[in-house]
Number of protein chains: 2
Amino acid sequence: MTTIPLPGSPVRGSRSGAPVMALLDLLGRRWAMGVLWTLCEGGPATFRVLQERCETISPAVLNSRLKELREAKLVERTAQGYAATKLGEQLYGHLEPLGAWAKIWGKSVKSSTTARKK
Amino acid sequence: MTTIPLPGSPVRGSRSGAPVMALLDLLGRRWAMGVLWTLCEGGPATFRVLQERCETISPAVLNSRLKELREAKLVERTAQGYAATKLGEQLYGHLEPLGAWAKIWGKSVKSSTTARKK
DNA sequence: CAAAATGCTATCTTTTTCATAGCAAACTCA
DNA sequence: TGAGTTTGCTATGAAAAAGATAGCATTTTG
């Protein structure tokens, strides 16, 4: 079993346990941000629906991420299924601008990477 | 070799290749945000110095992340060593508030998780 | 020029993630 | 009520990624 990164306890990448390091560890796991993003964008969803929305996530990973996000108080179970908590929405508020920024980034990258292989 | 997620090409987690999905894929790799964070916080650094700043990163992973970040135009090599590009700084600008937010988060989580096991 | 620093690559082990299958419990409704 | 469906996962085996460590070629320094 994996340890769930929580602020205060030492995490991968930092012996200090600085909150931001715990956060980066938590979010730096495959699908962590994607799941939160999807939940916030599309609203509460059951496990199965969430899985479909994420298109390619496997149930095992979805389950792991949900456990972690719930323990981190970013996601909770409601009558409607899984949903972002207030804290989760707050975090999403910080992440959401990345959507717009990514488009700008996309242009910069593409203009310098036209016709690349592999 | 791993494919580097770039906007426009389909990435893990999304067949669409939406820029934000490419970004989340790129950043959702271990140490990706940490490296950018460290570079922006501490300024340009040589490979070795960067490695030390990151405390526990292995050279292989650091090397991979640097390649990806460079291809994504977020990091570049300068006379001073590796450094965030303008684009990278911009992105960091969006990430940076997470530092403060993580502290708030830390309190909420801790208050509900006092004395947990495992 | 010898010693130290730099920038990685190689290698092996441990973790994560992926891809699927499938099962138990809750829900539907004929 | 009880067969069929949906939901929420768990199990499993294989592939990919990350971690730990050693070490080597090149550059820099004294």
Side-chain angles (χ1 to χ4, degrees), chain A residues 1-5 10-15 21-22 24-39 42-72 75-83 118, chain B residues 1-5 10-15 21-22 24-39 42-72 75-83 118:
Chain A
M1 190 237 181
T2 317
T3 3
I4 298 174
V11 291
R12 284 186 309 204
S14 169
R15 310 179 223 279
M21 283 304 152
L24 291 188
D25 184 6
L26 181 69
L27 297 184
R29 292 177 181 199
R30 208 148 305 166
W31 274 110
M33 289 186 285
V35 166
L36 183 62
W37 187 280
T38 305
L39 269 184
T46 63
F47 189 94
R48 225 105 169 177
V49 166
L50 190 52
Q51 194 183 337
E52 279 158 32
R53 280 199 204 150
C54 289
E55 299 188 44
T56 62
I57 197 173
S58 82
V61 171
L62 176 54
N63 194 30
S64 301
R65 289 304 93 84
L66 283 174
K67 268 184 194 159
E68 293 160 10
L69 291 171
R70 287 172 71 187
E71 182 131 11
V75 164
E76 65 190 345
R77 291 193 74 167
T78 69
Q80 287 71 208
Y82 291 100
K118 189 50 271 246
Chain B
M1 189 235 180
T2 316
T3 6
I4 298 174
V11 291
R12 285 187 309 205
S14 168
R15 311 178 224 278
M21 283 303 151
L24 292 188
D25 185 5
L26 181 69
L27 298 183
R29 293 175 180 201
R30 209 151 302 166
W31 274 109
M33 289 186 285
V35 167
L36 183 64
W37 187 279
T38 305
L39 270 184
T46 64
F47 189 95
R48 225 104 168 179
V49 167
L50 190 51
Q51 195 183 336
E52 278 158 32
R53 280 198 204 150
C54 287
E55 298 188 43
T56 61
I57 197 172
S58 83
V61 172
L62 176 55
N63 194 28
S64 302
R65 290 302 92 86
L66 282 175
K67 269 184 194 160
E68 294 159 9
L69 291 172
R70 287 173 70 188
E71 181 131 14
V75 164
E76 66 191 343
R77 293 192 74 166
T78 69
Q80 284 73 206
Y82 291 100
K118 222 291 98 148

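Computation of the quantities below employed the complete heavy-atom set of this structure, encompassing side-chain atoms and omitting hydrogens, waters and symmetry-equivalent molecules.
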*Report the distance from atom CZ of B:Arg65 to atom C1' of D:dA18, rounded to the nearest whole Å.*
8 Å
*How long is the line joining CD of A:Glu55 and P of C:dA19, in whole Å?*
13 Å
*Check: A:Val35 and A:Ile57 side chains under 4.5 Å, non-hydrogen atoms*: yes
*Please state how far atom CD1 in B:Ile57 lies from atom P in D:dG19, giving the value in whole angstrom units.*
7 Å
*asked:* Tell me the interatomic distance from B:Leu27, atom CG, to D:dA17, atom P, rounded to whole angstroms.
replied: 17 Å
*Got a second to check how far A:Asp25's CG is from B:Arg30's CZ, nearest 0.5 Å?*
7.0 Å
*Which value, rounded to the nearest 0.5 Å, describes the distance between A:Leu66 atom CG and A:Leu50 atom CG?*
6.0 Å
*Scan nucleotides 3-13 of chain D nucleotide by nucleotide, 5' to 3', and note B when protein non-hydrogen atoms come under 4.0 Å of the base, S if they reach only the sugar-phosphate, - if neither.*
----BBBB---
_I need the CD1-C1' distance between A:Ile4 and C:dT15, as an integer number of Å._
15 Å
*Which whole-number value in Å describes the distance from B:Trp31 CH2 to C:dT15 C1'?*
17 Å
*Report the distance from atom CG of B:Asp25 to atom P of C:dT17, rounded to the nearest whole Å.*
12 Å
*asked:* Checking the side chain of A:Arg53 only, and the main-chain atoms of A:Gly42 only, is there a donor and an acceptor separated by less than 3.5 Å?
replied: yes
*asked:* Could you measure the distance from the CE atom of A:Met21 to the OG1 atom of B:Thr38? Nearest 0.5 Å is fine.
replied: 5.5 Å
_Separation of atom CZ in A:Arg30 from atom P in C:dT15, rounded to whole Å_ = 17 Å
*Any idea which heavy atoms bring A:Thr56 and A:Trp31 closest together, and the distance?*
OG1-CZ2, 3.5 Å
